Asks: 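Here's a structure for you.
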Amino acid sequence: MFKTSSTRRWPTGPRRITVPAKDGARTLSLRAALEAHNDIRATLLTVRANAEGLTETEARLRLAETGPNETAHERAPHWSRQLLGACRNPFIIVLALLAGISLVLDSGDLKAPIIIGTMILLSVVLRFWQEYRSSRAAEALQAMVTTTATVLRRALPRDCPGILREVSIRELVVGDIVQLGAGDMIPADVRLLDSKDLFVSQAVLTGESIPVEKYDTLGAVAEKSATARTGPDAGPLDVSNICFMGTNVVSGQGRAVVVATGRHTYFGSLSKAIVGQRAETSFDKGVRSVSFLLIRFMLVMVPIVFAINGLVKGDWLEALLFSLSVAVGLTPEMLPLVVTANLAKGAVAMSKRKVIVKRLNAIQNFGAMDVLCTDKTGTLTQDKVILENHLDIAGRRDDRVLELAWLNSAHQTGVKNLLDVAVLDYARGHAGIERQAQYHKIDEMPFDFVRRRLSVVVGNGDGRHLLVCKGAVEEMLSISSQVMTPTGVEPLDDMRRHDVAARAHDLNQDGFRVVLVGTRAFDVAETKDAYGVADEAGLTLFGYLAFLDPPKDSAATAIEALRRHGVAVKILTGDNAVVTAKICREVGLDVGEPLLGRDIAALDDAALRAVVGKTVVFAKLSPLDKARIIRALQALGHTVGFLGDGINDAPGLRDADVGISVDSAADIAKESADIILLEKSLMVLEDGVLCGRATFGNIIKYIKMTASSNFGNVFSVLVASAFLPFLPMLPIHLLIQNLCYDVSQLSLPWDGMDEEYLEKPRKWYAGDIARFMVSIGPISSIFDITTFCLMWFIFSANTVADQSLFQSGWFIEGLLSQTLIVHMIRTRKIPFFQSTAALPVLVLTGIIIAFGIYVPFSPLGAAVGLQPLPWSYFPWLVATLLGYCVLTQLIKTLYIRRFKAWL
């Protein structure tokens with residue numbers, strides 16, 4: 001997302017927000033709020049807020065005045081800007097210039113400018129309408145995964161207490177009182193009113209992975225943090241009682257008042273600066289390169305056509321008008337429309353398969369994905385962890401271990417993960433748990449992905465405190481010095497360390513996830529108000545918790561389906577390597593040798609790239625380890641998807657080619673993702689991959705059809721221009737033909753793809769477009785030339801007086817062969833026999849073919865200089881088109897075999 005240095009200074013000039021007030025609009029700059037950040041009453045007064053929340057009426061008025069709580073990058077452009085964007089397109093600009101030149105050169109004949117104008121209007125209106133609909137559809141789809149905030153709102157009268165309710169983040173206003181809890185994304189810039197062990201990750205703004213603690217008063221900073229930055233050198237992100245939009249709560253809880261929303265937030269100021277600068281995907285670059293390739297091709301060939309016709313026929317004005325019409329024919333003005341329509345239709349189709357697309361261009365990367373990185377929990381497993389056993393150090397069931405685990409899980413305020421839920425569920429109704437109710441929480445050291453443990457400090461009123469810690473085996477052994485045995489406390493010597501690790505390993509091999517539980521007692525003289533990570537030392541180990549997370553029944557089938565479709569699955573987990581490997585083997589993954597986080601930390605980027613491709617299981621990972629693995633796979637040329645749903649997955653989701661999350665994920669994970677699954681299942685993911693590939697395939701169809709058809713047409717025009725005493729077609733004929741061809745391709749987004757095409761990831765290869773254009777394009781020229789010979793020799797249309805008959809013959813043959821190319825290139829199989837186009841494609845191309853045959857016989861044909869053809873022409877036409885189809889199929893097959901390519 002958006003990153004900046006943690007020492008970032010104030011943006012230039014104060015950012016100001018408008019706050020509704022009885023006496024009119026009042027303003028508050030975020031800087032002013034921060035400068036008075038230690039006075040809660042002053043802040044509430046300035047934003048005209050009440051500690052019990054705003055009334056619904058006040059919130060509605062403020063929302064109407066300040067607008068929704070959205071940053072610049074989140075909003076769809078206004079319809080007028082979308083319309084302007086549809087016009088601001090190189091192909092439309094080229095057509096407009098050609099229409100203007102045609103109007104100036106031949107002001108007495110408006111038919112050519114009218115037809116070009118119709119093409120422009122058709123392209124612009126259809127593209128605008130498609131983009132407008134797709135943006136509205138995208139908004140509707142994203143509404144299915146709306147992020148909400150918990151807000152205090154009051155009903156009238158004004159002295160009523162506030163009531164907690166869930167409100168869409170976009171509806172927050174300055175003065176709202178929000179409740180914050182673990183896993184929440186900070187919905188706006190807020191000033192804390194009260195907090196308890198509130199740790200916030202500011203990585204989205206600073207790049208720092210370690211959470212920082214936030215407090216409701218600055219006095220707490222001095223007491224609890226010797227490293228807090230204050231004074232003139234402190235930047236806005238260092239202010240300890242201000243939380244910023246886009247960051248997320250790792251643990252703890254708090255209550256805060258909103259002081260800035262939308263574009264007026266710190267995050268909003270950054271998003272305004274970089275909106276629209278998202279890195280281009282390979283697909284974006286490919287479409288742009290093909291666009292300018294065709295424009296360059298036009299700029300080279302049109303002058304040649306102009307020169308040849310001028311020199312051969314001597315009429316330079318006619319030659320110029322004809323060359324301009326050729327230029328129009330070479331302009332693929334429907335390309336932006338076809339791309340947008342395909343992506344929008346793909347997004348809607350994917351939504352029906354429980355896949356929500358947040359960013360349309362991610363569809364291509366979804367289809368091109370050849371490596372999927374995912375955690376095992378919830379994807380390979382049932383996402384329902386069960387506490388199977390609680391054992392002492394000797395391996396015997398011990399209720400004291402369960403009671404200590406309950407104290408830790410019940411009193412921690414971070415995200416209650418599946419292990420905590422399993423402990424609390426298992427302990428419910430257990431006889432010894434009631435005795436633990438006498439304890440109250442003193443402090444907490446929340447879980448992080450470096451320490452890999454969580455501690456709470458509790459007291460029971462006797463003046464002593466007890467630190468209860470649970471965590472991963474290695475990390476717990478590193479901070480423990482004693483063990484509780486049946487005979488009492490004993491030193492944790494090397495032999496006992498080995499025994500503990502060996503018992504944990506045995507449990508892992510049986511498929512259990514193992515967590516150790518330990519304590520440290522503080523006598524009255526040692527107690528304090530605030531504890532820190534340094535106090536996690538000298539622990540006494542009490543025993544093991546053994547959890548079972550069984551694999552999903554569908555996991556093996558889904559992995560095999562993904563493998564069959566060319567997607568390798570790699571497991572990136574923070575869990576133990578042994579239990580992860582066992583689960584992976586059960587679902588059919590070839591585990592090999594797992595790579596651990598500590599091993600990755602010792603490798604430089606080059607060494608990591610050397611091993612990452614052949615490794616399937618990566619265990620004991622930190623969030624930054626996951627991001628490094630993804631970047632290493634990308635450096636090897638893979639298109640990488642990452643499926644994550646936790647706070648720790650945000651870096652990986654941003655670095656992956658396509659970030660995938662689920663609608664039940666943490667807020668920050670959903671915001672970082674490109675695609676949201678409504679069901680956390682690899683089978684749902686496979687459906688989305690296939691839909692992405694079909695969308696990409698239909699776009700490539702149009703590009704290859706247009707490129708090859710244009711190349712063949714120009715070659716035919718060059719031959720005809722060099723040898724005929726008249727124009728092979730009048731400029732107006734070329735324009736009508738091109739308009740019909742454009743219409744015939746509008747149905748491509750509704751076409752299907754062969755199953756064989758969907759079996760492998762499909763990537764953009766720009767060089768393949770030019771090669772295909774040169775290989776397939778000239779085929780149509782061969783049959784254009786045979787048609788020239790047919791009209792010249794058989795039907796004696798070889799004088800200027802007979803040029804209308806000649807032009808009518810090529811008009812029909814050229815249009816029909818151009819239309820048939822849609823069916824020839826859409827599949828590598830034999831069209832109509834082995835693979836049939838979708839009904840919309842069949843209907844529309846059939847209509848265009850019928851219309852093309854009708855035109856020379858119609859009043860329109862007579863008006864533009866065409867004439868009816870003799871019926872003896874049509875058997876020749878059928879033979880020509882059959883020959884064209886047979887030769888195209890033959891060359892297509894040879895092309896596929898020679899270059900091992902797909903159409």
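FYI, side chains are in, hydrogens and waters are out, and symmetry mates aren't considered; it's all heavy atoms of this structure. Computed from a predicted model, the values in this text were never measured in an experiment.
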Asks: Only counting residues at least two apart or in another chain, list the ones meeting side chain to side chain donor-acceptor pair (under 3.5 Å) with Asp425.
Replies: Arg428

Asks: Can you sort out the partners of Phe512 under ring-ring contact (aromatic ring centres under 6.0 Å, His included), two or more places apart, ordered by chain and number?
Replies: none

Asks: May I ask you to decide whether Arg496 forms a salt bridge with Asp493, counting only side-chain N to carboxylate O separations under 4.0 Å?
Replies: yes

Asks: What's the verdict on side-chain hydrogen bond (donor to acceptor under 3.5 Å, both in side chains) for Thr265 and Asp189, showing C-alpha distance, side-chain angles and the deciding distance?
Replies: CA-CA 6 Å; Thr265 62; Asp189 286 351; 4.6 Å; no

Asks: Would you find a donor on one side and an acceptor on the other, under 3.5 Å apart, between the side chain of Asn248 and the backbone of Asp184?
Replies: no

Asks: Mind listing the closest non-hydrogen atom pair of Asn365 and Asp657 along with its distance?
Replies: ND2-O, 3.2 Å

Asks: Mind listing the closest non-hydrogen atom pair of Leu387 and Ala422 along with its distance?
Replies: N-CB, 3.9 Å

Asks: Compare every heavy atom of Val533 with every heavy atom of Met445, then report the nearest pair and how far apart it is.
Replies: CG-N, 3.8 Å

Asks: Can you pull out every salt bridge (charged side-chain N to carboxylate O under 4.0 Å, His left out) where at least one residue sits in residues 367-376? Sequence neighbours excluded, please.
Replies: Asp370-Lys763, Lys376-Asp575

Asks: Evaluate side-chain contact (heavy atoms from CB on, under 4.5 Å) for Leu545 paired with Val514, printing each intermediate quantity in order.
Replies: CA-CA 6 Å; Leu545 299 173; Val514 179; over 6 Å; no

Asks: Checking Asp535 now: which residues fulfil side chain to side chain contact (heavy atoms under 4.5 Å, CB included) with it, not counting sequence neighbours?
Replies: Leu467, Arg520, Phe522, Lys528, Tyr531

Asks: Only counting residues at least two apart or in another chain, list the ones meeting side chain to side chain donor-acceptor pair (under 3.5 Å) with Glu560.
Replies: Arg563

Asks: So, Ser661 side chain and Gly644 main chain: donor-acceptor pair closer than 3.5 Å or not?
Replies: yes

Asks: Report the residues that fulfil salt bridge (charged side-chain N to carboxylate O under 4.0 Å, His left out) with Arg631, sequence neighbours left out, ordered by chain and then residue number.
Replies: Asp655

Asks: Applying side chain to side chain donor-acceptor pair (under 3.5 Å), name anything that partners Lys441, two or more places apart in sequence or on another chain.
Replies: Asp197, Glu444

Asks: Report yes if some heavy atom in the side chain of Met369 is under 4.5 Å from a heavy atom in the side chain of Val640; otherwise report no.
Replies: no

Asks: Do any pairs count as a salt bridge (charged side-chain N to carboxylate O under 4.0 Å, His left out) and have a residue in residues 611-625, sequence neighbours left out, and if so which ones?
Replies: Glu475-Lys620

Asks: For residues 599-610, which residue pairs qualify under side chain to side chain donor-acceptor pair (under 3.5 Å), counting only residues two or more places apart or in two chains?
Replies: Asp605-Arg628

Asks: What's the shortest heavy-atom distance between Ile479 and Cys469, and which atoms?
Replies: CD1-SG, 4.3 Å

Asks: Less than 3.5 Å apart, which donor and acceptor atoms pair up between the side chains of residues 579-596 and the rest of the protein, not counting sequence neighbours?
Replies:
from, atom 1, to, atom 2, distance (Å)
Thr580, OG1, Asn576, O, 2.6
Lys582, NZ, Glu586, OE2, 2.5

Asks: Heavy-atom distance under 4.5 Å between the side chains of Phe547 and Val515, does that happen here?
Replies: yes

Asks: Strictly distance-based, threshold 3.5 Å: is any side-chain N or O of Arg497 a donor or acceptor partner for the main-chain N or O of Leu477?
Replies: yes

Asks: Between the main-chain N or O of Trp406 and the side-chain N or O of Ser409, is there a donor-acceptor pair closer than 3.5 Å?
Replies: no

Asks: Does a side-chain heavy-atom distance below 4.5 Å link Ile363 with Met350?
Replies: yes

Asks: For residues Asp674 and Ala362, report the shortest heavy-atom separation together with the two atoms involved.
Replies: CB-CB, 3.7 Å

Asks: Would you say that Phe199 contacts Val212 through its side chain, given a criterion of any heavy-atom pair below 4.5 Å between the two side chains?
Replies: no

Asks: I'd like to check the side chain to side chain donor-acceptor pair (under 3.5 Å) partners of Arg453; sequence neighbours left out, ordered by chain and number.
Replies: Glu536

Asks: Answer yes or no: is there a side-chain heavy-atom contact under 4.5 Å between Leu198 and Leu192?
Replies: yes

Asks: So, the side chain of Asn408 versus the backbone of Leu454: is there a donor-acceptor pair under 3.5 Å, distance only?
Replies: yes

Asks: Any side-chain to backbone donor/acceptor pair from His498 onto Asp494? Under 3.5 Å, distance only.
Replies: no

Asks: With sequence neighbours excluded, tell me which residues meet salt bridge (charged side-chain N to carboxylate O under 4.0 Å, His left out) with Lys470.
Replies: Asp420

Asks: Identify which one of Thr557, Leu562, Ile559 satisfies the side chain to side chain contact (heavy atoms under 4.5 Å, CB included) criterion when paired with Glu686.
Replies: Leu562

Asks: Evaluate the side-chain proximity of Thr519 to Phe542: yes if any heavy-atom separation is below 4.5 Å, no if none is.
Replies: yes

